[in-house]
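Inspection log for the structure reproduced underneath, given as structure tokens.
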Amino acid sequence: MAASAERIRRLAAHLNPAGHAGQEGTLLMERTRARGASSGFKVAVLGAAGGIGQPLSLLLKTSPLVSTLHLFDVVNTPGVTADLSHINSSAVVRGFVGNDQLPAALDGVDLVVIPAGVPRKPGMTRDDLFNINAGIVQKLCEGIAKHCPRAVVNIISNPVNSTVPIAAEVFKRAGTWDPRKVLGVTALDVVRANTFVAEVIGVNPEIVDVPVVGGHAGVTILPLLSQVTPSFSFSKEETEKLTVRIQDAGTEVVQAKAGTGSATLSMAYAAAKFAEQCLRGLSGETGIVECAYVSSDVTELPFFATKVRLGRSGVEEIHPLGPLNEFERSALSKAIGELKGSIDKGLNFVRK
Ligand SMILES: NC(=O)c1ccc[n+]([C@@H]2O[C@H](COP(=O)([O-])OP(=O)(O)OC[C@H]3O[C@@H](n4cnc5c(N)ncnc54)[C@H](O)[C@@H]3O)[C@@H](O)[C@H]2O)c1
Ligand SMILES: O=C(O)C[C@H](O)C(=O)O
């Protein structure tokens, strides 16, 4: 007992302040810590030092569903890792910096969350980020295909309407494509819709549930206000105003941040909740339903966001759109038109 305590002390002395240990030190630390930890999943955040990455990693560090948290970025993960590792929650945090460390960051991971890439500035569309972010997502997904091909992947990087098709195409080429495992994160649209709708109906936003379908940009974001819980009958004017506010909410934040970035805190909240739902599904919990942008045959498009049921293999069932009113049918056809171009752009980027 005393000898093993001494061994841990000696190994700890070799750790640098960023929490990087030699392999032996890390394994021993994880085993030692794991004694007091509940069993959980190994999760990697790629882009962990960024505006979303840091608060998202904070929330995941405090999640009882996470036993090991790998933080990967091309810069600054040692500091973020040292900081988060002092929090007395059970998840063990390890930092990885630079592309050489991507394989280790992905090794044995159950869930990969990707907020890597540049955010919008005022006047830009999400599609304006394509030229930089497409290549980032492609490279990271090539790493996933090699080092954790069975992981569930949550893609936050914009333009989500194109980055999810990019990921799918990378995995197809690598022979690891499993459509149940790749989910574009549209959870922030649902969080916003619930908040804005609650303001109109005058209830606690936590009891509101608005299905948001389509994609994650402008008119492709389609809140199905006719299907809101608790049920409520919106006027035509309320429907139009709420729909536009939900569609433009990202731009509202970009403008308010005035050149310093886009939504980070609300995104981290939405992404952490969504990741936890994926983990609950993986753990065998039943009845987990969330909206996400996935490979789908609900419309003529190969990717579309709807409610999906999450389970041990990722997406286990894709819910149909349900009954739409006239406003929603017309909005759906606009969404499909725009989404098609974004999907083709993503697929062609990898096929080129
Ligand atoms: N899906 C959504 O609802 C949603 C919401 C908000 C933001 N976003 C998107 O999320 C992305 C990130 O936003 P942010 O505000 O965190 O940006 P940010 O610039 O603050 O952070 C991005 C991080 O990614 C890192 N990065 C860049 N290249 C990388 C690579 N190859 N590997 C690993 N990390 C890399 C950067 O070093 C940085 O730390 C943007 O594309 C943004 O548009 C999506
Ligand atoms: O609007 C953005 O560029 C970021 C994100 O997609 C959002 O919806 O907040």
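The structure presented is a predicted model; accordingly, all values stated were derived computationally and were not measured. Every number for a ligand or one of its atoms is a count from 1 in the order of the listing.
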Taking all atoms of both residues into account, what is the closest heavy-atom pair of Thr163 and Ser157, and its distance? OG1-O, 2.8 Å
Scanning both residues in full, the closest heavy-atom pair of Lys307 with Asp209 reads NZ-OD2, 3.0 Å
Between Arg192 and ligand 2, which residue portion shows a heavy-atom distance shorter than 4.0 Å: side chain, backbone, both, or neither? side chain
Considering only heavy atoms, does Arg126 approach ligand 2 within less than 4.0 Å through its side chain, its backbone, both, or neither?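 For Arg126, the contact with ligand 2 is made by the side chain alone.
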Do other residues, nucleotides or ligands put more than 12 heavy atoms under 6.0 Å from Lys345 NZ?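 Buried by this count: over 12 neighbours within 6.0 Å.
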Any donor and acceptor pair, going by atom type alone, linking the side chain of Glu238 with main-chain N or O of Phe234 inside 3.5 Å? no
Do Glu316 side-chain atoms and Leu310 backbone N/O form a donor-acceptor pair below 3.5 Å? no
Quick one: side chains of residues 291-304, donor-acceptor pairs under 3.5 Å with protein atoms, not counting sequence neighbours, listed by atom name and distance.
unit_1, atom_1, unit_2, atom_2, d
Tyr293, OH, Asn161, O, 2.9
Ser296, OG, Val298, N, 3.1
Thr299, OG1, Leu301, N, 3.1

Starting from atom 6 (O) of ligand 2, which protein heavy atom do you reach first, and at what distance in Å?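 Here the nearest protein heavy atom works out to His216 NE2, 2.6 Å.
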Who's the nearest protein heavy-atom neighbour of atom 1 (O) of ligand 2, and how far? Arg120 NH2, 2.7 Å
Mind telling me whether Phe130 and Phe349 have parallel, tilted or perpendicular rings, with 30° and 60° as the class edges?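 The arrangement is perpendicular - the two ring planes meet at more than 60°.
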Could you tell me, atom by atom, which parts of ligand 2 come under 4.0 Å of a heavy atom of Ala263? 9 (O)
Any heavy atom of Asn158 closer to ligand 2 than 4.0 angstrom? yes
Does a side chain donor of either Arg120 or Thr251 reach within less than 3.5 Å of an acceptor in the other side chain? yes
Write out the protein residues near ligand 1, meaning a non-hydrogen atom under 4.0 Å from one of its atoms, in order of chain and number. Gly47, Ala49, Gly50, Gly51, Ile52, Phe72, Asp73, Val74, Val75, Pro115, Ala116, Gly117, Val118, Pro119, Leu129, Asn133, Ile136, Leu140, Ile156, Ser157, Asn158, Val160, Val185, His216, Ser262, Ala263, Thr264, Met267
